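In what follows, a structure is listed as structure tokens, so that the remarks can point back to it.
Counting starts at 1 for both ligands and their atoms, following the listed order. Basis for what follows: all heavy atoms, side chains included, without hydrogens, waters or symmetry-related copies. Quick caveat: nothing in here was measured; it's all calculated off a predicted structure.
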Amino acid sequence: MSVSPARLSAISAANNYRVTATVAFNESHTAELFGRNVFTDELMQARLPKAIYKSLRKTIETVSKLEPATADAVATAIKDWALERGATHYAHVFQPLTGLTAEKHDSFLEPDGKDGAIAEFSGKQLILGESDASALPSGGIRATFEARGYTAWDVTSPCYLLENPNGATLCIPTVFVSWTGESLDLKTPILRSAEALDEQARRILKLFGHTDVPLVTPTAGPEQEYFLIDRNFFLARPDLMTAGRTLFGARPPKGQEFADQYYGVIPERVLAYMHECEAELYKLGVPIKTRHNEVAPSQYEIAPVYENANVAADHQQLTMIVLKRVARKYGFECILHEKPFSGVNGSGKHLNWSLGNSVQGNLLDPGATPHENMQFLVFCAAIIRAVHRHGGLLRALVGSASNDQRLGANEAPPAIISIFLGAQLSDVFEQLKKGRACSSKKAGTIQLGVDSLPVLQRDTGDRNRTSPFAFTGNKFEFRAVGSNQSIGAPLAALNTIVAGSLNRIADQLEKGVADGKKLEDAVSEVLTQIARENGAVIFNGNGYSPEWHREAERLGLLNLKTTPDAAVWMVAPDTVECFERMKVLTKRELESRREIALEQYCKALNVETRIVIEMVSTKYIPTAIRYQTELARNINEIKAVGAVPDTRLFERVSTLIAGLQNELDKLTGMRGKQATLPDLLAEARHYCHEVLPQLNAIRQAVDALETVCPDDTWPVPTYEEMLFIK
Ligand SMILES: NC(=O)CC[C@H](N)C(=O)O
């Protein structure tokens with residue numbers, strides 16, 4: 001009988017792991033550490049001539065074009081700083097449509113023509129890069145021979161240094177566009193949509209009598225959930241390594257039912273790891289605030305405070321990189337997949353979103369006076385309208401093979417996109433449906449000052465974990481985003497659809513006022529109309545309950561359970577119209593994103609299929625057959641001594657092996673079918689409705705074998721080992 005040495009040595013290695021990595025970081029150093037590797041505003045001011053600094057600030061604050069002379073001076077200042085700090089290269093960092101971070105590095109050194117070299121870095125090199133990048137997905141926007149892609153500096157997100165043990169790289173956040181100027185990335189729509197949001201929000205603020213209205217920006221604070229498992233286990237699991245999730249694994253005797261992990265004491269090794277991640281992120285200026293144990297065993301969370309949404313999106317990408325990189329130093333693998341282990345919670349990335357500026361503040365803060373309330377209600381109504389009209393789009397943008405495993409599994413929001421407003425605010429919108437809202441729900445707070453609107457209070461609502469889109473007192477939390485995803489697409493979509501709604505509202509209000517209506521009456525009318533037309537999207541109850549699913553259907557809300565079902569909503573006429581009106585993405589750009597989403601979905605399931613076939617053929621069936629042979633020998637030997645053998649276990653194992661073999665044959669029989677299908681959508685549906693259920697059937701057969709085969713022969717680490725040995 002062979003034992004499984006890889007698995008046993010993984011257990012012993014995990015048990016013997018001792019933390020050796022340390023980081024010089026304590027509370028008193030935190031302030032010095034923060035932003036140390038960032039070319040901050042302070043540095044810019046100190047290192048740039050006054051006129052150049054002013055010109056750069058103007059570019060940033062008014063989102064205008066950068067003058068070439070300014071660019072050259074800025075490039076020199078950044079280069080000098082980077083060289084002083086040990087940088088050898090600069091990299092244009094961008095976010096292609098894979099959702100991952102991409103970077104192209106170039107050395108500062110250039111031949112000086114006299115057999116030597118000098119460090120060069122011009123404004124042009126800072127601002128623009130040209131790279132082939134033809135293998136990155138474009139969703140049909142460019143043919144393979146039209147390889148040219150451009151990266152262009154996003155001045156609104158600061159440059160930073162990424163350190164490695166042998167030096168540092170100056171990183172320049174950039175957008176990535178094709179030769180025709182079409183967006184090939186996730187950042188361009190963030191920037192375009194932020195501009196649209198600013199323009200429309202300012203129109204509303206002006207209507208409310210504000211004269212000093214600086215740039216309105218969206219803000220974001222994404223909460224990142226993740227799993228940490230000992231790397232020895234990870235390396236012994238081809239499914240985790242390649243697909244990011246376990247495709248097999250019997251349930252352990254204990255899961256998360258005791259709630260002993262949630263907010264539990266953080267294990268020492270994990271805490272040491274978190275410390276170093278935070279130190280690294282502080283250096284990069286990422287405002288990390290919160291850390292804690294999450295619900296599932298070995299699951300954790302890291303969360304920053306709010307900041308400008310575009311910078312937050314860059315910081316989020318960095319957070320994922322740092323979480324993964326640092327994990328290795330602590331003998332861990334950081335798993336960002338949305339559902340790495342079945343039977344326990346998956347991981348999300350709750351996207352907290354708001355908008356505001358330095359003078360009017362957070363526009364989703366209900367405020368203390370009726371006047372502020374009225375303005376708040378307009379912004380709130382714009383969001384309700386946007387989410388109701390474009391719920392399909394929001395669902396589509398968080399769709400992926402991995403996030404489909406998590407959404408709707410009664411641990412994360414269901415696939416139905418609804419809004420949780422809390423009792424008080426919902427009541428206001430209920431009243432608005434009938435006409436005017438004159439009271440707020442709390443007894444005795446009828447306001448007489450402005451007769452059309454009540455005074456609202458902060459934090460009157462509870463939290464609702466089952467809602468995909470929840471108002472949490474002064475911001476909305478989009479909870480359906482997956483832990484593995486960039487926030488780029490959902491963020492740009494939120495900005496765009498809200499801008500689209502504000503645009504309609506501003507048109508109506510401006511017209512109303514021009515026609516001689518009192519602003520307050522015009523606002524009331526608009527709010528009533530929005531409440532009537534879009535009230536169906538508001539839901540404060542249990543999003544997991546079957547009653548809600550039936551009710552949602554009756555209300556006409558979409559319940560898009562899978563990525564192939566959802567993808568079509570990326571190009572719904574209403575959505576295309578809104579994105580084009582707001583000048584964020586063209587129909588062709590949206591179509592390309594839909595293509596890529598479907599393509600990625602098919603590829604992910606194709607990889608899972610291959611891993612399943614490989615693991616079943618080379619690990620599980622051989623293990624089970626060895627055991628079956630051992631049992632057969634045992635039967636023969638018992639017979640040989642004249643006793644009557646008990647053949648039940650042999651029969652059970654034989655039946656399970658035959659069953660597994662049958663299921664595997666069904667899967668291999670499906671191979672190649674996708675190539676015969678007419679288009680990507682048909683292919684995605686095939687993976688979704690035929691391949692995926694077959695993968696699950698195979699899993700069940702293997703998991704049943706795991707519970708009968710001898711433990712010392714099982715070829716891969718078990719759930720118990722992966723989730724509980726740390
Ligand atoms: N505590 C929580 O909020 C759990 C969230 C859950 N892990 C998710 O996937 O969204």
Side-chain angles (χ1 to χ4, degrees), residues 99 220-229 244-246 255-266 270 274 289-304 316 319-320 323 334-353 394-395 397-420 422 461-473 475-487 489-491 494 539-545 548 560-563 566 719 723:
E223 302 166 17
Q224 172 78 56
E225 295 179 326
Y226 60 96
F227 279 83
L228 278 182
I229 69 163
R245 71 168 176 128
T246 53
Q256 63 189 37
E257 63 271 36
F258 293 102
D260 47 352
Q261 163 80 4
Y262 196 31
Y263 289 125
V265 176
I266 304 173
V270 175
M274 290 175 165
K289 179 80 176 164
T290 305
R291 63 186 182 208
H292 62 83
N293 280 11
E294 251 305 329
V295 175
S298 287
Q299 192 188 27
Y300 308 93
E301 177 171 315
I302 180 169
Q316 224 299 305
T319 302
M320 291 197 281
L323 284 175
C334 173
I335 300 169
L336 296 176
H337 190 286
E338 285 83 357
K339 191 75 179 176
F341 302 98
S342 80
V344 293
N345 268 19
S347 301
K349 179 172 325 199
H350 305 165
L351 173 58
N352 292 286
W353 181 93
L394 292 176
R395 168 63 184 93
L397 291 176
V398 298
S400 70
S402 53
N403 206 21
D404 277 9
Q405 297 284 336
R406 160 183 171 259
L407 293 177
N410 282 14
E411 53 177 284
I416 306 165
I417 303 289
S418 64
I419 302 181
F420 169 84
D462 198 0
R463 285 169 173 258
N464 184 332
R465 284 187 40 193
T466 69
S467 176
F469 203 89
F471 183 64
T472 55
K475 59 185 162 50
F476 279 91
E477 182 183 7
F478 184 27
R479 296 174 61 92
V481 186
S483 52
N484 214 3
Q485 295 172 331
S486 156
I487 61 166
L491 170 64
L494 272 175
F539 176 65
N540 294 320
N542 177 4
Y544 299 162
S545 72
W548 166 236
L560 304 165
K561 295 201 176 76
T562 66
T563 298
Y719 264 42
L723 291 174

Problem set entry | Any E301 heavy atom less than 4.0 Å to ligand 1 |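 Contact check E301 vs ligand 1: negative.
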Quick one: which ligand 1 atoms are inside 4.0 Å of a heavy atom on [X]?
X	answer
S347	9 (O)
H350	3 (O), 5 (C), 8 (C), 10 (O)
Y262	1 (N)
G348	8 (C), 9 (O)

Exercise. Is E338 touching ligand 1 with its side chain, its backbone, both, or neither, if touching means heavy atoms under 4.0 Å apart?
Worked result: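 Within the 4.0 Å criterion, E338 makes no contact with ligand 1.
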Exercise. Is ligand 1 under 4.0 Å from a heavy atom in the side chain of A296, in the backbone, in both, or in neither?
Worked result: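 No part of A296 comes within reach of ligand 1.
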Problem set entry | Pair D404 + R395, salt bridge at N-O below 4.0 Å |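 The answer is yes: the pair qualifies as a salt bridge.
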Exercise. Can you find a pair of side-chain heavy atoms, one from F476 and one from L351, that are under 4.5 Å apart?
Worked result: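 F476 does not reach L351 side chain to side chain.
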Exercise. Just wondering, do R479 and P468 contact through their side chains at under 4.5 Å, heavy atoms?
Worked result: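 The answer is no; the side chains never approach within 4.5 Å.
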Problem set entry | Criterion ring-ring contact (aromatic ring centres under 6.0 Å, His included) on W548 and F539, from CA distance to verdict | CA-CA 9 Å; W548 166 236; F539 176 65; 3.7 Å; yes
Please write down residue, atom name and distance for the protein heavy atom closest to [atom].
atom	answer
atom 9 (O) of ligand 1	R406 NE, 2.7 Å
atom 3 (O) of ligand 1	R479 NH2, 3.1 Å
atom 5 (C) of ligand 1	E225 OE2, 3.4 Å

Exercise. Of all heavy-atom pairs between L560 and A415, which one has the smallest distance, and what is that distance?
Worked result: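 The answer is O-CB, 3.1 Å.
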Exercise. Based purely on interatomic distance, does P413 place a nitrogen or oxygen under 3.5 Å from a nitrogen or oxygen of ligand 1?
Worked result: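 No: no nitrogen or oxygen of P413 is under 3.5 Å from one in ligand 1.
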Problem set entry | Aromatic ring pairing H292/Y263, orientation class (parallel under 30°, perpendicular over 60°, tilted between) |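 Geometry flag for Y263 against H292: tilted rings.
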Exercise. Between Y719 and F341, what is the ring plane arrangement, given parallel below 30°, perpendicular above 60°, and tilted in between?
Worked result: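 Y719 vs F341 ring planes: perpendicular.
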Exercise. Do E223 and N352 have side-chain N/O donor and acceptor atoms under 3.5 Å apart?
Worked result: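 E223 vs N352: donor-acceptor pair found between side chains.
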